[in-house]
Asks: 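Next up is a structure, given as structure tokens.
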There are 2 protein chains.
Amino acid sequence: MEQLSRSAGTVRPGGRTARVRAAVLEATQDELVEHGFHGLTMDQVAARAGVGKTTVYRRWGSPAGLVTDLMTELADQSSPHADTGSIEGDLRANALAVCEAVNDGRLGTTFQAMIAAATSDRQAANALRDFYARRIEEWAGVVDLAVQRGELPKGTDALELIRAVSAPLYYRLVVTREPVTPQVAEHSVRRALAAARAGAFIP
Amino acid sequence: MEQLSRSAGTVRPGGRTARVRAAVLEATQDELVEHGFHGLTMDQVAARAGVGKTTVYRRWGSPAGLVTDLMTELADQSSPHADTGSIEGDLRANALAVCEAVNDGRLGTTFQAMIAAATSDRQAANALRDFYARRIEEWAGVVDLAVQRGELPKGTDALELIRAVSAPLYYRLVVTREPVTPQVAEHSVRRALAAARAGAFIP
DNA sequence: CAGCTAACGGGACGGCTATCCCGTTAGCTG
DNA sequence: CAGCTAACGGGATAGCCGTCCCGTTAGCTG
């Protein structure tokens with residue numbers, strides 16, 4: 001797709017296009033905070049961004065497209081994983097980072113919108129999956145280090161352990177819609193770690 | 001609300017109203033399976049149910065309202081929790097029940113629709129929360145029995161343990177959008193149980 | 001700095017969705 | 001079984017959303 005449009009003519013990645021994209025994504029976030037994903041309309045995003053609505057339709061196609069692009073933008077801003085020296089500290093840092101992210105007004109609504117978009121749009125779903133696959137891989141490193149240090153048994157599935165830490169947080173956020181507090185994060189770490197030490201993450 | 005409309009005149013719970021509701025909820029499920037929550041329109045539901053679209057708007061108000069009613073209907077059909085004699089068997093039965101439910105064409109799409117509706121509609125969100133609160137409470141009993149039998153340490157938080165079993169399943173379903181297989185369910189049980197035996201579910 | 005063209009902007013149009021109004025149906029009540 | 005009225009049904013209407021067409025702008029290129 002990308003290849004085809006490139007071969008059709010000269011691409012212009014220059015100032016205006018980038019400026020428009022920045023303005024539109026900024027406006028998208030603002031609209032999400034105010035009206036949520038359900039109330040996100042191409043029209044209002046265009047108006048707030050100060051661009052023609054035709055442009056928004058042409059480049060993003062749908063509200064889900066806007067959110068998807070916002071997601072890939074966030075994916076590029078890779079959050080550096082901590083290295084506190086102990087696996088407990090590292091996992092706690094991970095859980096608290098998730099906790100803060102979903103509770104932050106601006107970022108949290110964007111995350112919720114991503115999940116909402118993914119329920120109706122295949123492209124958004126793929127972007128969401130890729131986003132988390134990348135985050136999980138980044139954090140899996142701390143588990144491997146812990147195994148090398150002897151903190152966790154050999155053969156521990158690093159990806160699964162990282163997933164296990166965040167699963168209860170997202171479960172509360174999306175399914176039971178209970179608040180995601182630091183205490184919840186703490187409990188999640190404690191339980192995942194207990195299971196890991198007992199060897200429950202060895203396939 | 002309910003009280004007010006009742007006091008205004010005589011309620012007629014009789015045949016026609018109930019018949020209309022059944023037809024509409026049936027049509028809603030069918031439409032959900034075919035087009036998903038995003039493609040659920042009041043108009044088509046009314047047409048498929050063979051009722052006037054004014055009726056659908058008057059009684060349910062929005063697609064989210066339809067799904068919410070569907071959810072309360074499912075909530076009433078309480079699934080009996082198994083009692084296999086061991087906590088491992090009970091939790092496995094629970095996890096497999098969730099696994100089957102989300103993979104079933106008809107029921108699974110309804111669940112997904114419920115979650116999608118909850119992201120945009122407060123009433124749907126409340127109904128979803130109540131639904132799971134009830135299910136979790138029903139299953140918490142098997143944990144208490146296991147504690148009495150000495151299978152799990154005293155003070156184990158039954159509600160949290162039940163939540164911990166389903167959290168990874170829903171995490172995959174909604175967030176990472178990976179398939180929810182029986183093997184995933186098995187792993188989830190194994191890990192939650194390992195943590196519980198280590199006392200990680202004692203507050 | 002001048003020409004080319006990718007990308008943007010405005011306005012008009014068609015289709016759909018949600019709402020309103022009022023006539024009709026059918027479940028209660030005596 | 002006859003009257004009352006809650007609840008349903010159909011049609012008309014207004015507003016919004018998405019698309020299309022074409023003129024305009026501004027970033028590349030030599």
Side-chain angles (χ1 to χ4, degrees), chain A residues 1-28 31-32 34-69 117 120-121 123, chain B residues 1-28 31-32 34-69 117 120-121 123:
Chain A
M1 299 269 203
E2 192 70 12
Q3 295 296 329
L4 287 175
S5 65
R6 277 168 190 270
S7 64
T10 310
V11 169
R12 297 187 174 182
R16 185 167 62 165
T17 299
R19 224 158 40 229
V20 165
R21 176 163 181 259
V24 167
L25 292 188
E26 183 77 15
T28 299
E31 286 290 314
L32 280 178
E34 287 182 22
H35 307 108
F37 176 69
H38 182 71
L40 188 70
T41 78
M42 307 294 271
D43 226 331
Q44 287 185 329
V45 167
R48 189 190 277 254
V51 304
K53 104 179 140 159
T54 310
T55 301
V56 180
Y57 275 107
R58 186 165 36 223
R59 286 187 59 183
W60 289 276
S62 67
L66 284 170
V67 174
T68 301
D69 197 19
S120 66
D121 185 88
Q123 202 179 359
Chain B
M1 298 268 205
E2 192 70 12
Q3 294 296 332
L4 287 176
S5 66
R6 276 170 190 269
S7 64
T10 309
V11 168
R12 296 187 175 183
R16 184 166 64 164
T17 299
R19 226 157 40 229
V20 166
R21 176 164 182 257
V24 168
L25 292 188
E26 184 76 16
T28 299
E31 287 291 314
L32 280 178
E34 287 183 22
H35 307 108
F37 177 69
H38 183 71
L40 188 69
T41 76
M42 307 295 271
D43 226 331
Q44 288 184 330
V45 167
R48 187 189 278 253
V51 304
K53 101 180 141 158
T54 309
T55 301
V56 180
Y57 276 108
R58 186 166 34 223
R59 287 187 58 183
W60 289 277
S62 69
L66 284 170
V67 175
T68 302
D69 198 19
S120 67
D121 185 89
Q123 201 180 357

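Order of the sequence lines fixes the chain letters, A, B, ..., with proteins taken first and strands second; residue numbering starts at 1 for each chain. The analysis underlying the following values was restricted to heavy atoms, covering all of them including side chains, and did not include hydrogens, waters or symmetry mates.
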Asks: Counting only pairs under 3.5 Å, give me each side-chain donor-acceptor contact of residues 59-69 of chain B, with atom names and distances, residues two or more places apart or in other chains.
Replies:
residue: B:R59; atom: NH1; partner: B:T17; partner atom: O; Å: 3.3
residue: B:W60; atom: NE1; partner: B:D69; partner atom: OD2; Å: 2.8
residue: B:S62; atom: OG; partner: B:A64; partner atom: N; Å: 3.4
residue: B:S62; atom: OG; partner: B:G65; partner atom: N; Å: 3.2
residue: B:T68; atom: OG1; partner: B:A64; partner atom: O; Å: 2.6
residue: B:D69; atom: OD1; partner: B:R21; partner atom: NH2; Å: 2.9
residue: B:D69; atom: OD1; partner: B:T72; partner atom: OG1; Å: 3.3
residue: B:D69; atom: OD2; partner: B:R21; partner atom: NE; Å: 2.9

Asks: Give the minimum heavy-atom separation between A:V20 and A:V51, together with the two atoms involved.
Replies: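 Smallest heavy-atom distance, with atoms named: CG1-CG1, 4.1 Å.
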Asks: List the atom of B:A27, the atom of B:V45, and the distance in Å for their closest heavy-atom pair.
Replies: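 Of all heavy-atom pairs spanning B:A27 and B:V45, the closest is CB-O, 3.7 Å.
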Asks: Counting any heavy atom closer than 4.0 Å, what does B:R58 reach on the DNA or RNA strands: base, sugar-phosphate only, or nothing?
Replies: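 The answer is base, as B:R58 lies within the cut-off (heavy atoms under 4.0 Å) of a base atom.
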Asks: Enumerate all atom pairs, one protein N or O and one N or O from nucleotides 17-19 of chain C, separated by less than 3.5 Å.
Replies:
residue: C:dA18; atom: OP2; partner: B:Y57; partner atom: OH; Å: 2.4
residue: C:dA18; atom: O5'; partner: B:Y57; partner atom: OH; Å: 3.1
residue: C:dA18; atom: N6; partner: B:K53; partner atom: NZ; Å: 3.3
residue: C:dT19; atom: O4; partner: B:K53; partner atom: NZ; Å: 3.2

Asks: Is A:T17 close enough to C:dA7 that one of its side-chain N or O atoms is under 4.0 Å from OP1 or OP2 there?
Replies: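 Answer no for this pair, as no side-chain N or O of A:T17 is under 4.0 Å from OP1 or OP2.
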Asks: For DNA chain D, just give me the dot-bracket, please: Watson-Crick or G-U, both distances below 3.5 Å, ( ) intra-strand, [ ] crossing earlier pairs, | paired with another strand, . unpaired.
Replies: ||||||||||||||||||||||||||||||
Asks: Using the side-chain contact (heavy atoms from CB on, under 4.5 Å) criterion, which residues pair with B:Q123? Sequence neighbours excluded.
Replies: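 side-chain contact (heavy atoms from CB on, under 4.5 Å) list for B:Q123, sorted by chain: B:D121.
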Asks: Drop me the distance from A:M42's CE to A:T28's OG1, to the nearest 0.5 angstrom.
Replies: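 The CE atom of A:M42 sits 8.5 Å away from the OG1 atom of A:T28.
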Asks: Ignoring backbone atoms, test whether A:R19 places a side-chain nitrogen or oxygen under 4.0 Å from the OP1 or OP2 oxygen of D:dG27.
Replies: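 A:R19 to D:dG27 OP1/OP2: side-chain N or O found under 4.0 Å.
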Asks: Please give, in whole Å, the distance from C:dA7 P to A:R21 CZ?
Replies: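 Nearest whole value for this atom pair: 14 Å.
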Asks: Going by the side-chain hydrogen bond (donor to acceptor under 3.5 Å, both in side chains) test, which pairs reach into residues 46-57 of chain B, not counting sequence neighbours?
Replies: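 side-chain hydrogen bond (donor to acceptor under 3.5 Å, both in side chains) check on residues 46-57 of chain B returns B:E31-B:R48, B:E34-B:R48.
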Asks: If only side-chain N and O atoms of B:R16 are considered, is one of them under 4.0 Å from the OP1 or OP2 phosphate oxygen of D:dA6?
Replies: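 So the side chain of B:R16 is outside the cut-off, no N or O lying under 4.0 Å from OP1 or OP2 of D:dA6.
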